[in-house]
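Single-structure report; data block below.
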Amino acid sequence: MKKTFALSHPKISYQRLIETAKHDVKKYIKQERAKALPEGVDFWGFSCKFGQTEDKARAIHEGDINTNISSAQSQHWKSFYLEIVAVPKTRTKRPDEE
């Protein structure tokens, strides 16, 4: 998902647009995790970028998406760019501690 979310609409409130953006992100991640995994892979990881525009977007952790959207809300941004790319990953074993 590479999308610029517009946070201004003549009939829809600002808060509703924020909630819709968060819902769309949650729905997209759920859909991607449900897809079949390639062989030799344990889970779907996500490479994410967030910013006011595509040019200003910086890499963030998947768990910080809602925090960043809330931050954009508190700063009253008119729009924001969010990029989420599913990446197949393998779990690494923890070293045995003796």
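Throughout, numbering of the chain's residues begins at 1 and tracks the sequence.
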To the nearest 0.5 Å, how far apart are [atom1] in [X] and [atom2] in [Y]?
X   : Y   : atom1 : atom2 : answer
C48 : I65 : SG    : CD1   : 4.0 Å
Q52 : T4  : CD    : OG1   : 11.0 Å
D24 : M1  : CG    : CE    : 6.0 Å
S47 : K89 : OG    : NZ    : 7.5 Å
Y81 : T53 : OH    : OG1   : 10.0 Å
Q15 : L7  : CD    : CG    : 10.5 Å

Indicate the atoms forming the closest heavy-atom contact of [X] with [Y], along with that distance.
X   : Y   : value
N66 : K22 : OD1-CG, 3.5 Å
G40 : T90 : O-CG2, 3.3 Å
S79 : A6  : CB-CA, 4.0 Å

Using side chain to side chain contact (heavy atoms under 4.5 Å, CB included), reason through I29 and F46 one step at a time and then give a plain yes or no.
CA-CA 8 Å; I29 289 174; F46 294 93; 3.8 Å; yes
Please confirm whether R91 makes a cation-pi placement over F43, using NZ or CZ under 6.0 Å from the six-membered ring centre and within 45° of the ring normal.
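Judged by the rule, R91 and F43 form a cation-pi pair.
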Whether F80 and F5 hold their rings parallel, tilted or perpendicular, with breakpoints at 30° and 60°:
parallel
Give the ring-plane orientation class for W77 versus F50, where under 30° counts as parallel, over 60° as perpendicular and anything between as tilted.
parallel
What I want to find out is whether K26 reaches E19 closely enough, with some N-O distance under 4.0 Å, to be called a salt bridge.
no
In this structure, would I12 and V25 fall into the same cluster of hydrophobic residues linked by side-chain contacts under 4.5 Å?
yes
Does V41 share a hydrophobic cluster with V87, counting links as ILVMFWY side-chain heavy atoms below 4.5 Å and allowing steps through other members?
no
The test is side chain to side chain contact (heavy atoms under 4.5 Å, CB included); show your working for I69 and I18 and say whether it passes.
CA-CA 7 Å; I69 293 173; I18 293 291; 4.0 Å; yes
Between the main-chain N or O of [Y] and the side-chain N or O of [X], is there a donor-acceptor pair closer than 3.5 Å?
X   : Y   : value
D64 : I60 : no
W44 : K35 : yes
S71 : T67 : no

Run K49 and E62 through salt bridge (charged side-chain N to carboxylate O under 4.0 Å, His left out) and show every step you take.
CA-CA 9 Å; K49 288 184 178 181; E62 170 194 348; over 6 Å; no
Take H9 and L17 through the side chain to side chain contact (heavy atoms under 4.5 Å, CB included) test and state the conclusion after the steps.
CA-CA 8 Å; H9 191 276; L17 292 169; 4.1 Å; yes
CA sep, side-chain torsions, deciding dist, call: N68, R58, side chain to side chain contact (heavy atoms under 4.5 Å, CB included):
CA-CA 11 Å; N68 282 287; R58 58 178 175 76; 3.4 Å; yes
